[in-house]
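Residue numbers start from 1 in every chain, and the chains themselves are labelled A, B, ... in the order their sequence lines are given, proteins ahead of strands. Predicted, not measured: the structure shown is a model, and the values here were computed from it.
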Number of protein chains: 2
Amino acid sequence: MVNISWISISYRVTGIKYYMVPDLDQFSVTDCHYYLLSRATLVITSALKKGFTDAGVEKVKPGYLGVLVSLWQKDGLKTVELARMAGLEPSSMTGLLDRMERDGLIYRSSDPHDRRAQHIVLTDFGKEIKKPVLEVLDKTLKSVFQDIEESEINIIKKVLNKVLNNAKRGSN
Amino acid sequence: MVNISWISISYRVTGIKYYMVPDLDQFSVTDCHYYLLSRATLVITSALKKGFTDAGVEKVKPGYLGVLVSLWQKDGLKTVELARMAGLEPSSMTGLLDRMERDGLIYRSSDPHDRRAQHIVLTDFGKEIKKPVLEVLDKTLKSVFQDIEESEINIIKKVLNKVLNNAKRGSN
DNA sequence: ACAATATAATACTTATACGTAATATATGTA
DNA sequence: TACATATATTACGTATAAGTATTATATTGT
């Protein structure tokens, strides 16, 4: 794409001093882990969004996927449970559920035993769209990851899991 | 983390029919490419943000990095040029530059030869923070990608570049 | 020269996710 | 029982990025 990079010289220059600020002029974005990760996430999100629209389920946004799949497995989960399952903060989950409620996919139902808690329940519409949504998901990911070997996919998964663990440890 | 996954069964089940909707109950998030990519991006972003704050350059947000590094290489680029270099839409770049201007990192300067264009220029402050910002970047990425082999990093880069190309072709 | 088209930047709306704080309710302990 | 603490959810502000439409200029073709 272009000629700049704002990342991770350390992996490409051996013997560099830890805090040495490297000369940037010789790097390209396609060498930058952070750039590549964020762009890949964005293009997949964008492809999913287009896929849902083309399939006539434009009410479904990519961000809803985690919640939908969780609820298709077990309806009536609580907000915190959904947040934990999707890897989001509870406060993020609230806004997500607001949008999903607005779009007619779920509703909130009070817990008679714990008046703090709300159970998140799929509407009929939320149940009906399961098949087309999963089809779009499968098709989109097949398209985006086409011509990539299974062994490489496995390395990606392994490395990204390690990244998540490194970050988790770093934040403690 | 948890027991759900909303992704990409296709790579793990051989011989699956293209549009077959798979049974979800047996998958885990840590097997999901889309999940892993988006989480990894978010944890790195979060680590960078914390790094900037700890280093006393809390005016710098992770999203500013692409623009800053571009301008440190060549000051006075135009909005569209910066957008293209960072891989963003020009409309996204406008908002980003608004925040950077508000935070005292850049200012806009009209082009006398093309009255449509604005040149984006670093303030003194925007120039001064180069060293600490690059230090935080280097340190953070070293930390997040620690214990990951160079060969694996290279595979990640290769695969993600292919993903970006696949998505680009798919959108035409 | 003028009309059609292209380019640069922006405004506005929406989606996504974090962090902090507030509120209500439960639970555990002295 | 009363108080401290923990839990569930939400409210509000901010960062990030896309998409659509608009405005102002430039450029090109006739």
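A donor-acceptor contact under 3.5 Å links the side chain of A:Arg116 to the base of D:dT7.
As a whole-Å value, the separation of A:Leu77 CG from D:dA8 P is 13 Å. Across the protein-nucleic acid pair, B:Ile44 atom CD1 and C:dC18 atom P stand 14 Å apart, rounded to whole Å. Note: NZ (B:Lys78) to P (D:dA26) measures 11 Å, nearest angstrom. One interatomic measurement links the two molecules: CG of B:Leu65 to C1' of D:dT16, which rounds to 13 Å at whole-angstrom precision. Rounded to an integer number of Å, the gap from B:Leu37 CG to C:dT16 P is 17 Å. In this structure, the CG atom of B:Leu42 is 9 Å from the C1' atom of C:dC18, given to the nearest Å. Atom NZ in A:Lys50 sits about 19 Å away from atom C1' in D:dA17, given to the nearest Å. Put simply, NE2 on B:His113 is 23 Å from P on D:dA24, counting in whole angstrom units.
Scanning all heavy atoms of the two residues, the minimum distance from A:Asp147 to B:Lys162 falls at O-NZ, 3.0 Å.
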**Request:** Carefully, step by step, assess A:Thr140 and B:Tyr34 under the rule side chain to side chain donor-acceptor pair (under 3.5 Å).
**Result:** CA-CA 11 Å; A:Thr140 303; B:Tyr34 182 43; over 6 Å; no
**Asked** Where do A:Leu68 and A:Met100 land on the side chain to side chain contact (heavy atoms under 4.5 Å, CB included) test, with the steps shown first?
**Response** CA-CA 10 Å; A:Leu68 284 176; A:Met100 292 182 71; 3.7 Å; yes
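A salt bridge links B:Lys142 with B:Asp138: at least one charged nitrogen is closer than 4.0 Å to a carboxylate oxygen. Salt-bridge formation is detected for the pair B:Glu135/B:Lys131: a Lys NZ or Arg NE/NH1/NH2 atom is positioned less than 4.0 Å from an Asp or Glu carboxylate oxygen. Under 4.0 Å is where a charged nitrogen must lie from a carboxylate oxygen, and between A:Arg108 and A:Asp98 at least one such pair does. With respect to A:Asp54 and A:Lys50, a salt bridge is recorded, a charged nitrogen being found less than 4.0 Å from a carboxylate O.
For A:Arg115, counting side-chain heavy atoms from C-beta on, the closest listed nucleotide (C:dA26, D:dA15, D:dA17) is C:dA26. Of the candidate nucleotides D:dA8, C:dA8, C:dA17, C:dA17 has the atom nearest to the side chain of A:Leu88.
Annotation: proximity of residues 89-103 of chain A to DNA chain C (heavy atom, distance under 4.0 Å) is found for A:Glu89, A:Ser91, A:Ser92, A:Arg99, A:Arg102, numbered in ascending order.
Across all strands shown, A:Asp114 has heavy atoms under 4.0 Å from sugar-phosphate atoms exclusively, and none from any base. Heavy atoms of B:Lys49 sit nowhere under 4.0 angstrom from any nucleic acid atom.
Regarding contacts with the backbone of C:dC18, a side-chain N or O of B:Arg39 is found under 4.0 angstrom from either OP1 or OP2.
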